[in-house]
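Structure first, then comments.
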Amino acid sequence: MTTKHSPLRVLKAQADEIAATICAAERGEAIDVQFAAKLEEARGKESVSVGIVMDDKIVRLDLPWSVIRSSGRVGLAEYILGQMRETRRAVH
């Protein structure tokens with residue numbers, strides 16, 4: 001398990017794996033059977049709810065499929081990593 005203070009490489013690897021799974025589900029590809037049924041059910045809705053369990057918290061994300069399609073795996077992984085680390089994005 002990880003916390004928001006875990007090494008960046010560990011959190012990044014987890015965020016990349018989560019994003020890859022979500023993007024594969026969006027494309028209709030085969031994914032881990034542990035998540036396949038729930039993600040298939042969510043494909044019929046406007047958005048998907050994803051829970052990330054960490055040692056110090058649970059991160060809950062509600063992601064519209066349109067955002068998943070438009071942002072791609074890399075953008076989605078960056079967003080997930082930011083949520084896991086509790087970083088704020090500055091708007092300039």
Side-chain angles (χ1 to χ4, degrees):
M1 288 290 220
T2 55
T3 70
K4 69 179 180 179
H5 301 295
S6 294
L8 179 59
R9 65 179 166 70
V10 173
L11 292 173
K12 185 168 179 4
Q14 288 179 347
D16 287 343
E17 185 177 337
I18 294 165
T21 300
I22 294 170
C23 288
E26 188 275 323
R27 293 187 300 265
E29 297 175 5
I31 58 171
D32 187 340
V33 295
Q34 180 179 359
F35 310 112
K38 292 289 184 181
L39 284 171
E40 184 61 35
E41 179 183 328
R43 287 189 72 203
K45 300 178 182 175
E46 260 185 58
S47 64
V48 61
S49 294
V50 179
I52 304 167
V53 179
M54 301 174 71
D55 276 346
D56 58 344
K57 66 183 167 216
I58 296 175
V59 178
R60 183 167 187 260
L61 305 173
D62 291 313
L63 301 166
W65 290 110
S66 60
V67 170
I68 294 169
R69 260 182 243 108
S70 65
S71 63
R73 189 188 58 78
V74 174
L76 186 58
E78 288 176 9
Y79 175 73
I80 292 169
L81 178 62
Q83 296 299 307
M84 292 170 76
R85 296 183 74 202
E86 294 181 0
T87 56
R88 298 177 189 248
R89 291 185 168 198
V91 177
H92 300 282

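Side-chain atoms are counted along with the backbone in the values below, which use heavy atoms only and exclude waters and symmetry mates.
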Item to check | From CA spacing to verdict: side chain to side chain contact (heavy atoms under 4.5 Å, CB included), Asp32, Thr21 | outcome: CA-CA 8 Å; Asp32 187 340; Thr21 300; 5.8 Å; no
Checklist outcome for this item: Between Trp65 and Ile22 the two heavy atoms that sit nearest each other are CZ3-O, 4.1 Å
Checklist outcome for this item: When rounded to the nearest 0.5 Å, the distance separating CG of Leu11 from CD of Gln14 is 6.0 Å
Checklist entry - Do you know which two heavy atoms are closest between Ala15 and Leu81, and how far apart they sit? => result CB-N, 3.8 Å
Checklist entry - Has Glu29 got more than 12 heavy atoms of other residues, nucleotides or ligands less than 6.0 Å from its CD? => result yes
Checklist entry - Considering residues, nucleotides and ligands other than Lys57, do more than 12 of their heavy atoms fall under 6.0 Å from its NZ? => result yes
Item to check | Derivation of the side chain to side chain contact (heavy atoms under 4.5 Å, CB included) call for Tyr79 and Val67 | outcome: CA-CA 11 Å; Tyr79 175 73; Val67 170; over 6 Å; no
Checklist entry - Taking all atoms of both residues into account, what is the closest heavy-atom pair of Ala24 and Ile31, and its distance? => result CB-CG2, 3.6 Å
Item to check | CG on Leu76 to CD on Glu26, rounded to 0.5 Å | outcome: 10.5 Å
Checklist outcome for this item: Heavy-atom closest pair (Gly72 atom, Cys23 atom, distance to 0.1 Å) is C-SG, 4.0 Å
Checklist entry - With hydrophobic residues grouped by side-chain heavy-atom distances under 4.5 Å, do Leu8 and Ile18 end up in a single group? => result yes
Checklist entry - If you round to the nearest 0.5 Å, how far is NE2 of His5 from CE of Met54? => result 9.5 Å
Next on the checklist: Tell me whether Asp56 contacts the main-chain N or O of Lys4 through its side chain, where contact means a donor paired with an acceptor under 3.5 Å.
Outcome noted: yes
Checklist entry - Out of curiosity, Met84 CE to Thr2 OG1, how far, rounded to the nearest 0.5 Å? => result 4.5 Å
Checklist entry - Do Arg43 side-chain atoms and Ala25 backbone N/O form a donor-acceptor pair below 3.5 Å? => result yes
Checklist entry - To the nearest 0.5 Å, how far apart are CZ in Arg27 and CD1 in Ile68? => result 11.0 Å
Item to check | Which atom of Asp62 lies closest to which atom of Arg60, heavy atoms considered | outcome: OD2-NH1, 3.4 Å
Checklist entry - At what distance, to the nearest 0.5 angstrom, does CD of Glu17 lie from NZ of Lys12? => result 13.0 Å
Item to check | Nearest heavy atoms of Pro64 and Ser47, plus distance in Å | outcome: CA-CB, 3.6 Å
